[in-house]
Every structure is written in structure tokens, then in C-alpha cells.
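Data block below; observations after.
Residue numbers start at 1 and run along the sequence shown.
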Amino acid sequence: MAQAKQLKDVLTRNALRQLAGARSFERGEDYFEAGQVTSLVEHGGKLTSIVQGSEDYRVELSVRTGGLDYRCTCPMGEDGAFANIA
């Protein structure tokens with residue numbers, strides 16, 4: 001039986017770029033470099049953080065079958081991938 005993938009196995013720059021899209025990935029890198037990504041914690045196979053935008057948003061990355069899954073409390077989180085996950 002194949003072992004389930006862990007976050008460390010699927011969380012790569014390329015996987016994030018594919019999930020977020022190139023433009024949003026670059027904006028996400030800018031947020032990180034500007035210190036707008038805080039409270040970065042890995043626990044129980046999930047990576048969570050707070051991203052400071054127009055408000056503070058909670059972002060969560062986890063493993064799903066075939067790759068990464070995400071959740072975000074920002075308005076764009078309901079519509080698809082975006083800069084906060086990158």
C-alpha cells in the first residue's frame with residue numbers, strides 16, 4: 001500500500017506557483033519579503049499563517065489527493081487561488 005504524502009513532500013515553490021498562478025505567486029513573495037506573513041506554524045500536517053493585507057487573513061495549506069489544498073479567510077479565498085497562499 002502506498003504511503004500518504006506529507007506536506008513536506010508536496011509543498012514546493014513550483015506547487016505553490018501552480019496553485020496561485022505566476023502573478024499571485026510573485027505578489028505572495030513580496031508579502032513575505034515585506035514581513036506581512038506572520039505566525040507561520042506547521043502542525044498536524046497543516047501549515048498556517050496570518051497574512052497582513054487590507055485586513056489580517058488566516059491562510060492554511062494542507063495535503064490533498066494529488067497535491068496541495070488551501071483555505072483563506074480573505075474574500076478571494078472563495079473564488080480561487082491568490083497571492084496570500086503563495
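Both Val51 and Phe32 are assigned to one and the same hydrophobic cluster, defined by single-linkage of ILVMFWY side chains at heavy-atom distances under 4.5 Å.
Partners of Thr38 according to the side chain to side chain donor-acceptor pair (under 3.5 Å) rule, which considers only residues two or more places apart in sequence or in another chain, do not exist here. Under the rule for a side chain to side chain donor-acceptor pair (under 3.5 Å), the partners of Arg13 that lie at least two apart in sequence or sit in another chain are Glu29. Annotation: side-chain contact (heavy atoms from CB on, under 4.5 Å) contacts of Thr12 (sequence neighbours excluded): Asn14, Ala15.
Residues Phe25 and Ala20 share a closest heavy-atom pair of N-CB, 4.1 Å. Val63 approaches Gln6 most closely through the heavy-atom pair CG2-C, 3.5 Å. In this structure, Val59 and Cys72 approach most closely via the heavy-atom pair CG2-SG, 3.7 Å.
Sorted by first and then second residue, the pairs that involve residues 41-51 and meet salt bridge (charged side-chain N to carboxylate O under 4.0 Å, His left out), not counting sequence neighbours, are Lys46-Glu60. Within the structure, no pair that satisfies the salt bridge (charged side-chain N to carboxylate O under 4.0 Å, His left out) test touches residues 47-58, not counting sequence neighbours.
The distance from the OH atom of Tyr31 to the OG atom of Ser24 is 8.5 Å, given to the nearest 0.5 Å. Here the CD-CD1 distance, from Gln36 to Ile50, works out to 13.0 Å after rounding to the nearest 0.5 Å.
When side chains are defined from C-beta on, Leu61 does not count as touching Asp69, because their heavy atoms never get closer than 4.5 Å. With a 4.5 Å cut-off on side-chain heavy atoms, Tyr70 and Leu19 count as touching. Contact check for Leu7 versus Leu47: side-chain heavy atoms found under the 4.5 Å cut-off.
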Inset, instruction - Please lay out, stage by stage, how Leu16 and Leu11 fare under the test side-chain contact (heavy atoms from CB on, under 4.5 Å). - result: CA-CA 7 Å; Leu16 284 176; Leu11 183 58; 3.9 Å; yes
